[in-house]
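Per chain, numbering begins at 1; letters A, B, ... match sequence-line order.
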Amino acid sequence: MAELPIYEPKSLESRWQHAWNETRAFATTGKAQPFYVLEMFPYPSGDLHMGHVRNYTIGDVFARYMRMQGLDVLHPMGWDALGLPAENQAIREKIAPQVRTPKNIAQMREQMRRLGLGYDWSRELGTYLPEYYRWNQWFFLQFLKRGLVYRRETQVNWCPGCNTVLANEQVRDNNVCWRGHTGVTTRKVPEWAFRITAYAEQLLKDLDQLGAWPERIVTQQRNWIGKSVGTRVQFPVLGTNHTVEVFTTRVDTIYGCTYVVLAPEHAMALAITTPEQQASVRAFIETMRGQDKIERTAEGAPKVGVFTGAKAKNPYTGEEVPVWLANFVLADYGTGAVMSVPAHDQRDFEFATAYQLPIKPVIYPLGKDLSLPLKAAFTDDGELKNSGVFSGLASPVAREKMAHAAKEKGFGDAAVTWHLRDWGFSRQRYWGTPIPIIYCEEHGAVPVPESQLPVVLPDFESVELTGQGGAPLAKLPAFYETNCPICGKQARRETETMDTFVDSAWYYARFLGPHDTTQAFDPALAKSWLPVDIYVGGPEHAVMHLLYFRFWHKVMRDLGLVHNDEPVKRLITQGMVNAIAFRCPTHGYAKAAQFRDKKPEERLCPECHAPLEVAIVKMSKSKYNGIDPMELIEKHGADTARLYTLFAAPPEKDLEWNPEGVDGLFRFAVRVHRVFAVHQARVREAPLPTSQHGLSPADAEIRSVLHRTLLKVTDEVGVRNHFNTAIAAMMELLNALYEQRLHEESCSVSPGVIREALLTFAQMLAPFAPHLAEEIWAGVGGQGLVCHSLWPKPDLDAVARKSVMLAVQVNGKLRGQVEVPIDASQATALAAAKADENVARHLEGKTIKKEVVVPNRLVNFVVAG
RNA sequence: GCGAGCGUGGCGGAAUUGGUAGACGCGCUAGACUUAGGAUCUAGUGGGUAACCCCCGUGAGGGUUCGAGUCCCUCCGCUCGCACCA
């Protein structure tokens with residue numbers, strides 16, 4: 001027996017990767033119906049991690065499968081290269097991000113190539129290049145013209161030690177900054193913002209168009225947009241000209257209002273405070289300023305507040321109620337002030353209990369009484385009592401009438417507030433898109449004329465990057481000294497840069513023509529390619545990125561650049577990649593690789609020999625439980641890496657990485673290759689069978705299993721997107737081939753049938769293990785590349801069965817199985833069922849009360865006695 | 001607290017419309033081949049049981065149904081997101 005070629009993924013894969021490169025196999029053709037597959041583009045850290053591998057493999061399966069369906073697939077890749085991580089790396093290493101980034105990109109591009117990802121690299125884009133970010137600037141100017149960009153003051157984290165603004169992620173617990181300075185506080189600074197709230201209603205309404213998005217993402221977006229319908233009510237502050245305006249969704253409870261609360265940051269807070277309360281109020285405000293907003297308002301945080309001394313008049317009742325400040329009210333939601341109804345709001349109830357404020361019930365459950373004193377707030381709708389002319393009304397009716405009354409009498413009106421806030425996008429950073437604005441003493445903030453774009457970032461060498469002391473560009477006169485575009489006098493350039501969410505808000509459109517120097521993208525191309533058909537990425541982007549992205553698309557629509565409401569038809573969110581991790585309570589995480597294979601009693605901390613805690617957590621450097629994709633590819637090949645990540649869990653679920661499980665998929669690849677290697681030489685030119693007729697039993701069996709598998713895989717991939725079960729079906733097919741001894745030369749299956757099986761197997765395998773698929777396809781005489789072949793059609797004759805196994809139950813319990821002709825009549829099925837020995841035993845001496853027949857599935861006898 | 005989701009063998013996971021629970025893989029057991037094997041091949045593998053009969057079994061309890069992992073109710077547990085949203 002001659003030496004068989006053995007499965008050597010390394011050389012095999014590299015060979016096919018070159019073939020794809022040379023033929024530009026994944027470029028669009030313009031000759032078929034367009035189909036756009038996109039994955040969220042990565043930050044070019046320099047190394048692919050398992051999360052990327054999963055994300056991009058899932059996308060690649062879709063792209064390759066859709067191409068085999070005869071569609072003209074656009075599948076591009078690019079780099080989300082601006083932003084904080086690169087800037088920090090530049091500070092640390094003193095290497096220009098302009099130099100570092102392309103190196104990182106080159107390395108990651110090579111890793112992607114080695115994974116066999118089929119991208120059209122001629123469309124590659126990088127957001128750090130002026131040819132990209134000049135269009136951020138251009139969009140900024142268009143948004144400005146439409147009133148969608150404005151200047152505002154905002155509360156930010158401020159570190160006095162660094163003398164600069166900090167991102168939330170740069171602030172650690174207890175107001176300590178990432179560099180270790182204490183005393184991080186908040187301060188108001190001017191910033192640029194996009195008026196996303198102008199599109200709130202549309203962003204909410206169009207969620208209905210997103211039927212092919214995961215339900216939980218749509219729900220998260222709906223909650224984040226957070227439309228709430230209620231009433232604004234003005235409470236005059238006694239003895240002053242001030243009026244506190246509150247927003248409430250429960251105006252029906254207002255007769256139970258016993259105090260009013262302002263946010264500590266409320267503009268009016270000090271103005272209304274009486275002289276004797278000034279000191280304590282000031283102290284309270286100061287304390288709150290140093291507190292983290294999230295922590296302060298977290299559930300379970302004690303509710304604290306201070307009395308201002310002021311009283312306000314409830315305009316409905318004329319009653320005077322005290323005005324307080326409290327930690328749980330936020331300045332930037334609603335009006336920054338709330339009316340407190342402790343009887344009917346749990347927060348208010350807790351606060352009132354803590355400060356011994358009165359609790360006055362005014363809503364009663366229908367036909368019932370409330371047991372007093374209340375142990376908790378009654379927050380449901382009900383019937384109004386002690387509510388003047390509104391008494392006796394049901395809550396929903398009362399809300400309408402009371403809002404109406406407020407409007408008539410001039411102290412309020414119905415109102416809508418949104419959870420969603422405008423998108424502040426200025427950053428005091430270097431590595432971002434410069435905001436194209438020039439400040440002129442005479443003309444104010446003047447937009448840079450479009451003809452002068454791009455405003456290019458100055459060289460890294462000219463900037464002093466320290467991460468401290470505000471915007472780096474503000475220390476660079478060569479950058480900011482300029483002339484006013486209107487009057488030509490000396491003026492100052494904006495030195496802040498844009499949030500990187502701007503880059504990712506429209507990159508999908510730039511892929512249509514990434515090197516277009518005359519426009520952001522060609523609207524005509526957008527008409528044929530957009531919206532994106534499938535977008536694959538992590539669920540962590542459920543609200544921020546995906547909302548900004550939807551917003552931008554709608555603005556582009558209003559600018560006439562795109563022709564539909566939503567950027568993405570179908571969203572796939574893939575789960576995390578988790579792995580076992582080991583942690584010592586005192587010394588932290590230990591290297592997982594050293595302990596994974598040890599017995600539990602041998603898993604001891606290397607430092608203190610305490611037993612290590614075991615947990616399944618997301619792979620990360622800090623937990624030392626990561627698997628390096630490149631090591632995996634080196635050892636088993638890209639096809640195995642891809643197969644495992646697809647097999648271990650369906651795309652949307654978390655995946656637990658089990659190194660032993662990888663071996664199973666490697667074995668699968670080896671076994672497939674073996675069947676191929678045994679037969680390729682002698683079947684390469686064999687004529688294919690054209691029908692199921694006249695085949696030997698073994699041949700018929702092979703064809704039957706093959707075409708059933710094809711039917712199954714087509715459904716799992718194309719309809720259900722359950723790649724794990726598609727691979728399982730191929731494993732079953734392989735097992736069936738082994739049963740017919742196809743892994744041995746001496747098998748009795750005819751060459752034509754073997755060749756058909758190998759060709760079809762290669763096609764089914766092509767989206768998942770594309771290199772091995774090409775090898776087999778070419779080896780048994782397939783035409784061209786398998787990735788360009790058309791997905792095969794199952795031979796329904798081969799799939800059809802002559803008989804089926806029926807399950808036979810007695811009283812719902814399985815008692816036997818009988819073989820009957822397919823589509824057998826009820827009578828035939830029942831007769832066959834009763835003839836089964838074991839079934840007959842269970843029916844003996846019993847009365848059959850009912851006979852249930854489910855065609856081609858089961859028979860159930862209901863018996864008594 | 002609010003919102004979303006999930007509980008199935010030793011493990012990852014199947015079960016598509018209410019119709020044979022545990023496909024497929026890992027692990028494990030036995031055998032073959034072998035100087036050897038963490039290679040390969042063959043067979044087995046939810047629990048109870050001598051058993052192919054039978055009984056039990058999808059987080060717990062109840063219900064609907066000829067039939068429930070799947071539908072309904074109550075409860076328990078876990079995970080994720082969050083800005084106490086007035």
Rounded distance in Å - [atom1] ([X]) to [atom2] ([N]):
X        : N      : atom1 : atom2 : answer
A:His743 : B:rU42 : NE2   : C1'   : 9 Å
A:Lys653 : B:rC78 : NZ    : C1'   : 13 Å
A:Asn811 : B:rU20 : CG    : C1'   : 16 Å
A:Glu656 : B:rC78 : CD    : C1'   : 15 Å
A:Glu660 : B:rA39 : CD    : P     : 11 Å
A:Glu837 : B:rC53 : CD    : P     : 11 Å

Side chain of [X] only, heavy atoms from C-beta on: which candidate in [options] is closest?
X        : options                : result
A:Pro650 : B:rA83, B:rG13, B:rA86 : B:rG13
A:Arg857 : B:rU40, B:rU20, B:rA23 : B:rU20
A:Thr219 : B:rA4, B:rU16, B:rC24  : B:rA4
A:Asn724 : B:rA14, B:rC54, B:rC41 : B:rA14
A:Met731 : B:rC24, B:rG12, B:rU20 : B:rC24
A:Trp224 : B:rA83, B:rC84, B:rC54 : B:rA83
A:Arg347 : B:rG19, B:rA15, B:rA86 : B:rA86
A:Arg841 : B:rA23, B:rA15, B:rC53 : B:rC53
A:Val862 : B:rC84, B:rC66, B:rU20 : B:rC66
A:Gln817 : B:rC41, B:rC84, B:rU20 : B:rU20

Under 30°, 30 to 60°, or over 60°: which ring-plane class applies to A:Phe761 and A:Phe668, parallel, tilted or perpendicular?
tilted
Taking atom [atom1] in both [N] and [M], what distance in whole Å separates the two?
N      : M      : atom1 : value
B:rG62 : B:rG13 : C1'   : 30 Å
B:rC71 : B:rG7  : P     : 11 Å
B:rC41 : B:rC53 : P     : 31 Å
B:rC26 : B:rU45 : P     : 16 Å
B:rG31 : B:rA36 : P     : 15 Å

For [N], take OP1 and OP2 only and decide whether either is under 4.0 Å from a side-chain N or O of [X].
X        : N      : value
A:Thr725 : B:rA15 : no
A:Asn658 : B:rG27 : no
A:Arg741 : B:rC41 : no
A:Arg667 : B:rG27 : yes
A:His344 : B:rA86 : no
A:Arg815 : B:rC55 : yes
A:Lys813 : B:rC56 : yes

Now, which nucleotide makes the Watson-Crick or G-U wobble pair with B:rC24, with each of the two distances under 3.5 Å?
B:rG12
For [X], answer base if it contacts any base atom (sugar-phosphate contacts may also be present), sugar-phosphate if it contacts only those atoms, and nothing otherwise; contact means non-hydrogen atoms under 4.0 Å.
X        : result
A:Met576 : nothing
A:Asp348 : nothing
A:Asn223 : sugar-phosphate
A:Val338 : base
A:Ala648 : sugar-phosphate
A:Arg720 : base
A:Tyr738 : sugar-phosphate
A:Lys227 : nothing
A:Glu851 : nothing

Side chain to side chain contact (heavy atoms under 4.5 Å, CB included) test vs A:Tyr644 passes for just one of A:Ile727, A:Leu632, A:Val53, A:Asn658, namely A:Asn658
So, for A:Phe351 and A:Tyr259, is the gap between ring centers shorter than 6.0 Å?
yes
Toward the 5' end of RNA chain B, by each residue's nearest nucleotide, A:Val854 or A:Ala337:
A:Val854
Can you name the side-chain hydrogen bond (donor to acceptor under 3.5 Å, both in side chains) partners of A:Asp823, sequence neighbours left out?
A:Asn856
Who passes side-chain hydrogen bond (donor to acceptor under 3.5 Å, both in side chains) against A:Arg152, sequence neighbours left out?
A:Glu191
Side chains of A:Glu819 and A:Ser803: any donor to acceptor distance under 3.5 Å?
yes
Any luck finding a side-chain donor-acceptor pair between A:Arg708 and A:Ser704 under 3.5 Å?
yes
Does a salt bridge link A:Glu744 with A:Arg741, judged by any charged N lying under 4.0 Å from a carboxylate O?
yes
Give me syn or anti for B:rG77, where syn covers glycosidic angles within 90 degrees of 0.
anti
